[in-house]
Amino acid sequence: MKLKLSVPQWHYSMLLDTDRVAVFKEAIEQTVKPNDIVYDLGTGSGILAMVASQKAKKVYALELDPITCMYAKENLKINDYENIKNINLIEADASEYNFKEQADVIIAELLDTALITEPQVPVLNSIIEKGYLKENGKIIPEKAYNTAQIVIAKMGHIYYDEEVVSKSVSEEILYDTIDFYKINKEEVSYNLQFKLNGDYNGETNLGIRLNTYTELTKDIMSGSSPMLNPPLIIPIENPVIKDNIINLTLSYKMGGDLESITIK
């Protein structure tokens, strides 16, 4: 499947992240069946909607941003999808739009590390509450697994741990599993305990590294990639360490922003 795609500058890096695109393409091709009704929430360039349309009876491709929606419309045109009636491109907020028919499959690539800065949870909460997913319908992705680990922080502010990886000084622990078929709390708080390991040498510039692993289907799991849940480092101010143990309360709002994060 070859596509010509035109996108806003801030979307360009997403398309260059081939691991991100490939894992969603594989999940969609395995999940969508002939005659399925599909929602693609936050369609962006429209690439996932076009993948789904190869089998689906109808794809509702929703995009909130008017500029991005304009690009998606152009992409449908240049790839000869403009006159294909099974893709319905809609400029709308997916959490507020009134769908006329239920979905067999919902694609929601509204992800970010720990689900903090993107609206994956509030949008899917709205969809589930309104009963838009058919009984036994599928959501891509199905779950997210959030982990945390103590590291030596390289900066005094929140940053993504990408090109230079911060040294870990504790084990990585699973602190939450988010099931997108259920209504999930948006404001969350977790009490976490870490034991510092032999790599800790008394440093005080500690941080907590958050990672998210995404279960797209029962058979397809994705770790981090440059544009899919890159590790997030949150510095710990004045860390209290006793017997190489740190106890923390991590709080944030899913679908909020980085400013919603607090550590005590």
Side-chain angles (χ1 to χ4, degrees), residues 8 10-11 13-14 17 20 24 39-45 48 60-69 72 90-99 103 105-133 137-148 157-161 174-192 208-216 222 224-234 249-264:
W10 64 88
H11 274 248
S13 297
M14 297 182 190
D17 188 345
R20 169 186 170 272
F24 269 87
Y39 299 170
D40 180 24
L41 308 180
T43 194
S45 66
L48 301 184
Y60 291 90
L62 273 73
E63 176 54 52
L64 174 62
D65 181 68
I67 296 174
T68 304
C69 193
I90 303 164
E91 183 185 324
D93 185 334
S95 64
E96 298 178 358
Y97 186 74
N98 293 317
F99 291 92
V105 179
I106 294 174
I107 304 163
E109 208 289 53
L110 302 165
L111 299 167
D112 191 33
T113 312
L115 307 171
I116 298 173
T117 66
E118 292 288 339
Q120 180 87 359
V121 166
V123 166
L124 286 177
N125 279 351
S126 175
I127 292 290
I128 298 301
E129 285 175 345
K130 294 175 182 176
Y132 285 140
L133 181 65
K138 296 294 184 181
I139 298 175
I140 303 173
E142 296 188 338
K143 293 181 181 179
Y145 300 88
N146 293 330
T147 70
H157 56 80
I158 296 174
Y159 64 97
Y160 287 98
D161 206 27
L174 176 68
Y175 71 86
D176 200 5
T177 300
I178 308 298
D179 184 343
F180 295 123
Y181 291 100
K182 299 178 180 179
I183 303 297
N184 292 286
K185 290 182 179 179
E186 296 173 27
E187 295 191 21
V188 291
S189 188
Y190 309 92
N191 296 317
L192 308 176
I208 183 170
R209 177 163 59 208
L210 304 185
N211 259 308
T212 296
Y213 301 88
T214 310
E215 183 180 308
L216 289 93
S222 175
S224 298
S225 69
M227 295 304 296
L228 180 62
N229 306 329
L232 183 69
I233 306 293
I234 307 159
T249 299
L250 170 67
S251 305
Y252 53 83
K253 181 178 181 180
M254 290 192 281
D257 51 40
L258 295 180
E259 285 70 29
S260 73
I261 300 172
T262 61
I263 293 181
K264 296 181 181 180

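All residue numbers refer to positions in the sequence shown, counting from 1.
- Note that the CG atom of Asp93 and the CG atom of Leu62 stand 8.5 Å from one another [nearest 0.5 Å].
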Check step by step if side-chain contact (heavy atoms from CB on, under 4.5 Å) holds for Leu232 and Ile158. CA-CA 7 Å; Leu232 183 69; Ile158 296 174; 3.6 Å; yes
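- Side-chain atoms of Ser224 and Asn211 form a donor-acceptor pair, as typed in the model, at a separation below 3.5 Å.
- Note on residues 105-114: pairs passing salt bridge (Lys or Arg N to Asp or Glu O under 4.0 Å), not counting sequence neighbours, are Arg20-Glu109.
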Side chain to side chain donor-acceptor pair (under 3.5 Å), that's the test. Do Thr249 and Asn191 meet it? Break it down for me. CA-CA 4 Å; Thr249 299; Asn191 296 317; 2.9 Å; yes
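- Counted within 6.0 Å of NZ on Lys264, heavy atoms from surrounding residues, nucleotides or ligands total 12 or fewer; the atom is thus considered open.
- Using modelled atom types, no side-chain atom of Glu63 and backbone atom of Thr68 make a donor-acceptor pair closer than 3.5 Å.
- Note: Leu133 CG to Phe99 CZ = 11.5 Å, rounded to the nearest 0.5 Å.
- Considering only heavy atoms from C-beta on, Ile107 stays 4.5 Å or farther from Tyr39 through its side chain.
- Panel note: side chain Asp40, backbone Ile106; no donor-acceptor pair is recorded below 3.5 Å.
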Quick one: do Ser251 and Ser189 satisfy side chain to side chain donor-acceptor pair (under 3.5 Å)? Show the steps, please. CA-CA 4 Å; Ser251 305; Ser189 188; 2.8 Å; yes
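- For the atom pair CD of Glu96 and NZ of Lys130, the computed distance is 7.0 Å after rounding to the nearest 0.5 Å.
- The aromatic rings of Tyr175 and Tyr252 sit perpendicular to each other, their planes meeting at more than 60°, with 30° as the lower class boundary.
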Derivation of the side-chain contact (heavy atoms from CB on, under 4.5 Å) call for Ile183 and Glu129: CA-CA 7 Å; Ile183 303 297; Glu129 285 175 345; 3.3 Å; yes
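- The two residues Thr113 and Leu210 make their nearest non-hydrogen contact at CG2-O, 3.4 Å.
- Side-chain atoms of Thr212 and Asn146 form a donor-acceptor pair, as typed in the model, at a separation below 3.5 Å.
- A search for salt bridge (charged side-chain N to carboxylate O under 4.0 Å, His left out) contacts involving Asp176 returns nothing, not counting sequence neighbours.
- Residues Cys69 and Pro66 fail the side-chain proximity criterion, which asks for heavy atoms closer than 4.5 Å.
- The backbone N or O of Asp257 lies less than 3.5 Å from a partner atom in the side chain of Ser260, making a donor-acceptor pair.
- Between the CG atom of Leu124 and the CG atom of Leu41 there is a distance of 6.5 Å, given to the nearest 0.5 Å.
- Annotation: side chain to side chain contact (heavy atoms under 4.5 Å, CB included) contacts of Pro141 (sequence neighbours excluded): Phe24, Leu111, Gln120, Phe180, Thr214, Leu216.
- Of all heavy-atom pairs spanning Ala144 and Leu115, the tightest one is CB-CD1, 4.1 Å.
- A donor-acceptor distance shorter than 3.5 angstrom exists from the side chain of Tyr181 to the backbone of Ile139, with no hydrogens or angles considered.
- Between Leu250 and Thr262 the shortest side-chain heavy-atom distance does not fall below 4.5 Å.
- Expressed to the nearest 0.5 Å, how far CE of Met254 lies from CG of Asn125 amounts to 8.0 Å.
- Between the Ser126 side chain and the Ser95 main chain, a donor and an acceptor come within less than 3.5 Å of each other.
- A distance of 4.5 Å separates OH of Tyr159 from CD1 of Ile233, quoted to the nearest 0.5 Å.
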